[in-house]
Amino acid sequence: MPSSVLFEVRRQAEESVEKLVNHDRDHKVFNSGDSVFSDKDKMREQGKRKFSWRNETDESFARMRKIAQQRKSLPIASVERRVVDEVRKNDTLIIVGETGSGKTTQLPQFLFNAGFCRDGKLIGVTQPRRVAAVTVAKRVAEECGIELGQKVGYSIRFEDVTSSTTRIKYMTDGLLLREALLDPRLSKYSVIIVDEAHERTVHTDVLLGLLKNVQRARLRSPTNQCLVDSKDFHTSKVLPLKLVIMSASLDARGFSEYLGNAKAVHVQGRQFPVDILYTYSPESDYIDAALITIFQIHLEEGPGDILVFLTGQEEIESVERLVRERALHLSEDSRKILTVPVYSALPSEQQMQVFRPAPDGFRKVILATNIAETSVTIPGIRFVIDTGLVKARSFNPRTGMESLVIIPISKAQALQRSGRAGREVPGKCFRLYTEDEFGKLAESTIPEIKRCNLSNVVLQLKALGIDDVIGFDFMDKPSRMAVVKSLEHLYVLGALTVEGKLSDPVGFQMARLPLDPIYAKGLIVASKLNCLEEMLIIVSMLSVESIFYSPREKMEEARAARKCFASQEGDHITLLNVYRASVESLEKSRMGNQETIRDKTVEKKLNKWCRENFINSRSLRHAREIHRQILGHVQNMGLNVTSCGQDMDQFRRCLAASFFLNAAVKQPDGLYRAMASGQTVQIHPSSVLFGTKPDCIIFNELVRTNHNYIRNISRIDPLWLSEFAPHYYGNKE
DNA sequence: CGGGAGGTC
């Protein structure tokens, strides 16, 4: 076994890309400071804050000046005029902006100041993640010296901080897609900026195709609306839609070709240099190589924290143990090493540990999944150890089977990972693979749309009036088989007619519900079988990450806690019990006073209840939010929210009627056969039915790990299948 | 006997 890993050094190559050179640097083009103060003036005119005004202004004046200075120093500030000109001249523009260029916060302000919000039109900026939409909006509102929700606001699921005065609106890309269902021409927007387009999330990809269509439609008929009132004419006329695609990747060609050879400009970033180190020879055991490298850095390099990219929770836990063990062999002085794990399933309090600086003299070693690649930015990182691997979801459209496999990352991902070392100071990235191996990596990650279940996407496109889904102009087309399978799936669920049109009312109702189509259908079925109240809870609980929290060191306690909720009938009723128990505990803690759900002390009590019962409080909170939102939807649709009371057989009949596509029957060998695909599957160990062998079950998840597992399972009577889905299972009796 | 990361009017 090697005692050290040898690395060769490469300076990160500077790619040759057309750059937006700054010719304006000597000119005073920067004028957004004016707008900052004019907002202040307005506030004064309106006579707001009469008494505290003076004091506050002194403070905020200094802060404003500091903000204005920071803004001026951003790389994009020096090219404001040129970027704005390019947006004026081109209906579609691609901006390749490196990390730290300031594109996300500045461009919308530039465009606002240049008059792109005339006639009350909005600039929409989409982000793949909620936190990004919120934090960027907050920052921009502060830069403008206004209250969030006024000129600058954000809108994400469950949270809309905008008003009629909002002109710059940050939002998640998924939310804009939902908006398009209500207003297919997105007529209130003059500009839409799609940020982080290089991440190529499903939502981004669908949105890009949609925006192309909207742009064309708006050009064809700028004012095709029938207007009675001439006053409305000016406020609702539809102008061409300006589209700005912002990407961090250096390869803008793909976007440009897709968007009709759109012009691409490059805006410099502000990152510290990162030395790239490759191993001299391939490492067969990346865990061991990572361990050795951690200690090599710890003993040989200067101060600075280490970020290690690993593939999953289990791996992180074992590396954590190994680092602690090996640290014991170090001299007392060099033992000062602190490991901190980060992965999404970790409770948020523990996730927060990564942001805490290490105690004096300690070096922090962060062991992270891909969460640290984009979602969580950790300060203080100077060294990155990149295993070159990632656990990725893959989906087999033929069988409907999802699986998680460890695969090599792409070059773009390797670049993104190494960049995590150069945010505050020059850094180093230790790649646990050779330069030759790096050369063989794919240029970029396969877009998610090519490796996921498309049922939802297809339903959304149909609802947007796009009938030819197979011919839809995706930047990267998913396989024909994947689309056809989704069309079939939606047809069997009753969302589509034989002609492939959205069915009325079922298809329309399903498309309106922000849920997996099979869950949306479940609600409609349940409303007819008098257990919509129960089904609402179940689809909310099934829509979130695992509700149960079972840390390795307290596995027995967690198991005991779960037993309190367990139903012999299966996981669905177990989830129902958990939800209802949580509501009961909430009501108890609220008893006697008029506190609202949002009250902090009630929230704390719920968290305490979660801790005691080994429930993931983040997941439960999420489920409660979904429940509230979907309840609103089904009420608006006029569905009856009735309960089956104690009649759990009725509820299981409803589960069978809803999820008949996911039925499985026991084989003589004790394994199960999934009836739709004929695959052999087994009950996942996390199911309450694990160890029992009911003859017939329905399930909600099909995942391949070491085995083909099914999860979230309930026992059903096989006769119910032919009763509720005769068209699928036939009348066997 | 086991869970990459996002996200939805």
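Just so it is clear: chains get the letters A, B, ... in the order the sequence lines come, proteins before strands, and each one is counted from 1.
In this structure, A:Ile683 places its CD1 atom 14 Å from P of B:dC1, rounding to the nearest Å. For the pair A:Leu689 CG and B:dC1 P, the interatomic distance rounds to 17 Å; values are reported in whole Å.
How far CG of A:Leu211 is from CG of A:Asp173: 10.5 Å, rounded to the nearest 0.5 Å.
Nucleic acid contact class of A:Leu181 (heavy atoms, under 4.0 Å, all strands): none.
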At under 4.0 Å between heavy atoms, how does the protein contact nucleotides 2-7 of chain B? Give one character per nucleotide, 5' to 3', with B, S or -. BBBBBS

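The aromatic rings of A:Phe438 and A:Tyr433 lie parallel to each other, their planes meeting at an angle below 30°, with 60° marking the opposite boundary.
Taking the charged nitrogens against the carboxylate oxygens, A:Lys391 and A:Glu314 have no contact shorter than 4.0 Å, which rules out a salt bridge.
The salt bridge (Lys or Arg N to Asp or Glu O under 4.0 Å) check on A:Glu545 picks up nothing, with sequence neighbours excluded.
Taking the six-membered ring for Trp, A:His627 and A:Tyr579 have ring centres closer than 6.0 Å.
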